[in-house]
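All chains are named by letter (A, B, ...) in the order of the sequence lines, taking the proteins before the strands, and each is independently numbered beginning at 1.
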Number of protein chains: 4
Amino acid sequence: MIVVLRPDATKKEIDHIIERIKQLGLSVHISKGKERTILGAIGDESILEEHPIDMLPGIEKVMPILKPYKLVSREFQKEDSIINVDGIKIGGKQIQVIAGPCSVETREILINTAQRIKKAGAKFLRGGAFKPRTSPYAFQGLGEEGLLFLLEAKKKTGLPIVTELLDPRDTEVVYEYADIIQIGARNMQNFRLLTEVGKLDKPVLLKRGLSATIKEFLMSAEYIASQGNRKIILCERGIRTFETAVRNTLDLSAVPVLKEETHLPVFIDPSHAVGRWDMVAPLAKAAIAVGADGLMIEVHSDPENALCDGSQSLKPSKFDKLMKELKKVAIAVGRTM
Amino acid sequence: MIVVLRPDATKKEIDHIIERIKQLGLSVHISKGKERTILGAIGDESILEEHPIDMLPGIEKVMPILKPYKLVSREFQKEDSIINVDGIKIGGKQIQVIAGPCSVETREILINTAQRIKKAGAKFLRGGAFKPRTSPYAFQGLGEEGLLFLLEAKKKTGLPIVTELLDPRDTEVVYEYADIIQIGARNMQNFRLLTEVGKLDKPVLLKRGLSATIKEFLMSAEYIASQGNRKIILCERGIRTFETAVRNTLDLSAVPVLKEETHLPVFIDPSHAVGRWDMVAPLAKAAIAVGADGLMIEVHSDPENALCDGSQSLKPSKFDKLMKELKKVAIAVGRTM
Amino acid sequence: MIVVLRPDATKKEIDHIIERIKQLGLSVHISKGKERTILGAIGDESILEEHPIDMLPGIEKVMPILKPYKLVSREFQKEDSIINVDGIKIGGKQIQVIAGPCSVETREILINTAQRIKKAGAKFLRGGAFKPRTSPYAFQGLGEEGLLFLLEAKKKTGLPIVTELLDPRDTEVVYEYADIIQIGARNMQNFRLLTEVGKLDKPVLLKRGLSATIKEFLMSAEYIASQGNRKIILCERGIRTFETAVRNTLDLSAVPVLKEETHLPVFIDPSHAVGRWDMVAPLAKAAIAVGADGLMIEVHSDPENALCDGSQSLKPSKFDKLMKELKKVAIAVGRTM
Amino acid sequence: MIVVLRPDATKKEIDHIIERIKQLGLSVHISKGKERTILGAIGDESILEEHPIDMLPGIEKVMPILKPYKLVSREFQKEDSIINVDGIKIGGKQIQVIAGPCSVETREILINTAQRIKKAGAKFLRGGAFKPRTSPYAFQGLGEEGLLFLLEAKKKTGLPIVTELLDPRDTEVVYEYADIIQIGARNMQNFRLLTEVGKLDKPVLLKRGLSATIKEFLMSAEYIASQGNRKIILCERGIRTFETAVRNTLDLSAVPVLKEETHLPVFIDPSHAVGRWDMVAPLAKAAIAVGADGLMIEVHSDPENALCDGSQSLKPSKFDKLMKELKKVAIAVGRTM
């Protein structure tokens, strides 16, 4: 850690800063420049997370040297993590697609949609049984009944299930049915929920919060990893910006940044980002071109009657067409699909 | 609701849109302008939350007329809500100050801090027993032991307790000790937690999420209100913007906007917003000048050794001085303190 | 235009609003719903840009129906604009690449870079003679000498020149040398400069401002078009968000949105957005996949010694490799390069 | 400057980095920690603005120690700058108010408004003769005729004139009439314009750009100061965020930050930020409470017929009432008005 002293810091202040850093078990190295004196605090920098010193008089700024995440960092593990779900590899050369309706609504729609996406080449079925809705008056999901429908769709199609966990009290029931447990964007910093899924042995798909920096996103992944569960899939789904032409701004530069910072697989959810089905296709292609390991796409066999986010759901026929186009882009960038 | 049709919408598309709106129980009024045809959907607009129609072919845009929140709206209740806690009125002419450490760390520091803030004129003691920390390696709070210390401080000072609920599984224990239950910024859209506190009969202090619009903020309050609990205090604590000179940008214009939109009391937390103790004072004064009903300020008797956010904590002596200055501003804008 | 009245609007207020709308030459249509009365103002909505009415008592909100831009809108011209520069078509099936150094520094570097990018397949040479620099102490460009070097490079390679106009007083000299005149992001709302280039007969490459909405971006294009010059190329180059991992957040969803809203060609500048040469390649591929008509990429034959933005410049060898990769992506999405 | 090396940097890479830093005239100090090796580059850091080294292989990140602005920094000049205009002191204990219409429209309205604001206690008259309008179809200002009206209003009231310069070609004419030359938010990084006003001997009121960081804002002030003109007044007028309830988010925390970083006076323009006249009053009070040196407020004697931003203009009677309220707040925070 680098501590930049104020030009007017007194000797007494400086001595106190040095003493304080030493108290915390770090050694101090002083470097006097023409305009500023700098202290290098050498040792376990993470202690300063717990005991910040930036409010000490005489300090202009404190600059951390190391990244706050460890287990999920590329430095900790050089090679890409590959997560195996029922023989399907996530994070390798093959791009995987998760598809399905936003929420599970009826048995018929779900099974029909599952069969259609399976045929089009999707490898996982998504569907929410517990739904986080911004309005208390909106459909909140079918609950465990929805999970039962997902299981039936899985039996009929062989597609493993991706479904969201909203509440620590539902951990057991969601664990029972899900093959991949999703943590939604609004829960990215629900640290209790992260701790719960960190104790499980099933993969977690962690969505980036609407206003989460990449550093915070990785810290949330670190929460899960720190509990023992290293099977984490990161998913960018749009960030909140000033632009209102689309629902959220899909941050595709997050993909190369994450690929540099972490060994975890990175997915993109264009449907939630853009909020309009007619713009899902170009963004899905861009996601593959930029280096994502997979996609999460909303497909609904009857979007007009969907109880949740019908506006952003593709019809199965459009999804089928898109999958063919995506395959071409995947090949163009040296991936398979 | 107003539906603007695309200039190239076909008769078949328009007929289908009209039929769909009627199916949802609304009546339709058509208005042909020179450049656009507009449909007015008259009736219970909220049905369209559940069944959005914006993906229907032929529609250019859909514009809601009504606000999505009801119980918390100024339209629903014209006069200001006043929340009475142990005889202290929140939301009236008197400005109330909640003060205390970010987290409860030791019995001594807590009690000492409580006595000092009481003397300075604070009316409530804050302190976190359960702490949401961005790093899994940071201090997570003392848990129930912390609540016991808060209770002891309350007994010694008479200050009612404001403390955070993080996890629905802790609802009972937090309910037992707290006088006001805080929902933190990161949980503003933890809808399950909102539903839990909505069922309680104690006041809830709801913090605005870092990237929550005012509309979303009020929708979260509506979640709580819709369960029966109308004792809600809103608290602005800084939003995430591009500016990095301070931790978050305190959105003081939220106060007049909220005062127009809702009858609920509005507090400001300058400490978390700015993240630096030396800028708490000017922002606290501005908060009162702009019309806030109260403040939440971090005070710690030994910030240098604080386990959490010491950088933003005032020492009791500075807090004492600030309270005197705030009183003057309160009087200048016609309030008491 | 739709005027939503406040539920407590008085008859006198409503009469005044109606009278005012009629005064402006529009006719009024009244629609009474259960919870709100709505006025439809029918006629030339643009008059309300000049004479806004939203401050009249009794009005809750005013919602425009029409878009504020005309000439650049897809509604005004259905088919894509194709801009022909020395026989090279911009906006058609073929994707065009503009490459070169951020600023023109020496004759040798410029000519060498131009020859290398030409060989790799770029169709235009970029290079700034007048540079907008955030620091008054940084290199401000060679001025007209730089333009002379560009001309020489053009003569040697045949590549038409793209260069920036900063100041209305330089219009003549830049016009003389440039084949495409660039308006930089910081000047996107320099309306005097837009008016100047709007009077010229050479194509304008208009960069999106860091915090410009797509609507504002198109309004700036409308400025140019309203003066007579319809040869406008739009260029997205990253927007300002809370994320600091990269310099700016490249908004690739802007491409499908712009393609829907306007007939003008859309380019992407990944170099300025990301600010790091090692992330230019994935974003360039994504730009083509999402549907951009062209790219603007910084290439410098000696980035280590560049006087401006060396960090984001590709070496010619990397650029050469990238162009081969881009071609594959272009073909995968049905374009040529 | 601190250079953090990648953990896998090779000896050859490190040698090259060191050699490069020395070439630039700085000396290098090496510090090996457990997890990272750090280079301290000692000497004139500003050379690295011109010659950035962050793209050199082996470098993880480069962290500047010094601030990029000098003349405007508090470090350069400890005591507050006080700018004297016709005997009125800006930046001292007394808070100054600039008021008037957004644009000069008619002689009568201007003179009438000037007389009313003068009576209410404003010290400067604002009014735009050249207007930057987002639509090419909107009123663009009266030009020099507007300046003549301003001069007449000045003669009648004694109020010095604040008016905007948009285009370097208008410098002479604006200089002739203005007492304070305003640079608008959209021109904050119009570096040519900054250079022009930097050469003048009249005070400049520099508005913060909608997406400008405080560092960038101060760099623009540095541009002006570097040309010789040190009479600079900074003006915060709202930044662009995700919130749409108001036009822009007024960043009042900018005031204490600027007061720490610079010796220049800081003004607040609540009218442009909030865009609604009914919210100007609370934000104006907050601005004074937070420590601003002055305010810029839109007042128009007939806002309903204003050709520009009538929605945000106070009527003279409301302004009069506001001035009385502001005085009380000023006194409460130890200022005069």
Side-chain angles (χ1 to χ4, degrees), chain C residues 20 46 49-56 68-70 130-140 166-170 186-195 198 209-213 216 219-220 222-227 239-240 276-278 303-313, chain D residues 20 46 49-56 68-70 130-140 166-170 186-195 198 209-213 216 219-220 222-227 239-240 276-278 303-313:
Chain C
R20 179 80 185 140
S46 68
E49 283 283 310
E50 202 83 343
H51 298 279
I53 61 166
D54 50 343
M55 97 294 313
L56 295 185
Y69 37 88
K70 287 160 205 153
F130 302 103
K131 294 302 303 172
R133 303 301 301 274
T134 49
S135 167
Y137 309 116
F139 174 62
Q140 310 278 326
L166 264 191
D167 187 324
R169 295 170 299 183
D170 300 327
R186 287 183 178 79
N187 281 316
M188 193 204 81
Q189 293 194 320
N190 184 334
F191 302 117
R192 292 297 188 90
L193 206 55
L194 299 179
T195 301
L210 266 79
S211 64
T213 61
E216 289 167 342
M219 282 308 286
S220 287
E222 184 83 10
Y223 247 92
I224 298 171
S226 72
Q227 299 296 320
I239 58 172
R240 182 150 275 178
R276 296 171 49 170
W277 67 267
D278 58 338
E304 201 170 301
N305 286 299
L307 291 177
C308 161
D309 280 339
S311 322
Q312 74 202 28
S313 293
Chain D
R20 179 80 184 139
S46 67
E49 281 283 312
E50 201 82 345
H51 298 278
I53 61 167
D54 52 341
M55 96 295 312
L56 295 184
Y69 38 87
K70 285 160 208 154
F130 302 102
K131 294 302 303 172
R133 302 302 300 274
T134 48
S135 167
Y137 308 117
F139 175 60
Q140 310 278 324
L166 264 192
D167 186 324
R169 295 170 300 183
D170 299 328
R186 286 183 178 77
N187 280 316
M188 193 203 83
Q189 292 195 319
N190 184 335
F191 302 118
R192 292 296 187 90
L193 206 55
L194 300 179
T195 302
L210 266 79
S211 64
T213 62
E216 289 167 342
M219 282 307 286
S220 287
E222 183 83 10
Y223 246 93
I224 298 169
S226 72
Q227 299 297 319
I239 58 172
R240 182 150 276 179
R276 295 171 51 170
W277 68 267
D278 59 339
E304 201 170 299
N305 286 299
L307 291 176
C308 161
D309 279 339
S311 323
Q312 73 203 28
S313 293

*For chain C, which of D:Arg276, D:Arg133, D:Lys70 has the most heavy-atom pairs under 4.5 Å?*
D:Arg133
*Contact leader toward chain C among D:Pro168, D:Ala138, D:Pro303, where contacts are heavy-atom pairs under 4.5 Å*: D:Pro168
_Minimum-distance pair of heavy atoms, taken over all atoms of D:Arg240 and C:Ala212_ = NH1-CA, 4.1 Å
_Less than 4.5 Å to any heavy atom of chain D: does that hold for the side chain of C:Thr213, its backbone, both, or neither?_
both
_Engaged part of C:Gln140 at the chain D interface, taking heavy atoms whose separation is under 4.5 Å_ = side chain
*Looking at D:Asn305, D:Leu210, D:Ile53, which makes the most heavy-atom pairs under 4.5 Å with chain C?*
D:Asn305
_Residues that C:Ser311 engages under side-chain hydrogen bond (donor to acceptor under 3.5 Å, both in side chains), provided they are two or more places apart_ = D:Asp54
*asked:* Using side-chain heavy atoms (C-beta onward) and a distance below 4.5 Å, is C:Thr134 in contact with D:Phe191?
replied: yes
*How long is the gap from CE on C:Met55 to CD on D:Gln312, to the nearest 0.5 Å?*
10.0 Å
*Against chain C, work out which of D:Pro132, D:Ser135, D:Gly209, D:Pro68 has the most heavy-atom pairs shorter than 4.5 Å and name it.*
D:Ser135
_Proximity breakdown for C:Asp278 and chain D, heavy-atom pairs closer than 4.5 Å_ = neither
_Less than 4.5 Å to any heavy atom of chain C: does that hold for the side chain of D:Arg20, its backbone, both, or neither?_
side chain
*Where on C:Gln189 is there a heavy atom nearer than 4.5 Å to chain D: the side chain, the backbone, both, or neither?*
both
*Taking the side chain as every heavy atom from C-beta outward, state whether C:Pro136 and D:Met219 have any pair of such atoms under 4.5 Å apart.*
yes
*Spacing of CG belonging to C:Leu193 relative to CG belonging to D:Asp167, to within rounding of 0.5 Å*: 8.5 Å
*For C:Ala306, is it the side chain, the backbone, both, or neither that has a heavy atom closer than 4.5 Å to a heavy atom of chain D?*
backbone
*In terms of heavy-atom proximity below 4.5 Å to chain C, should D:Glu222 be classed as side chain, backbone, both, or neither?*
both
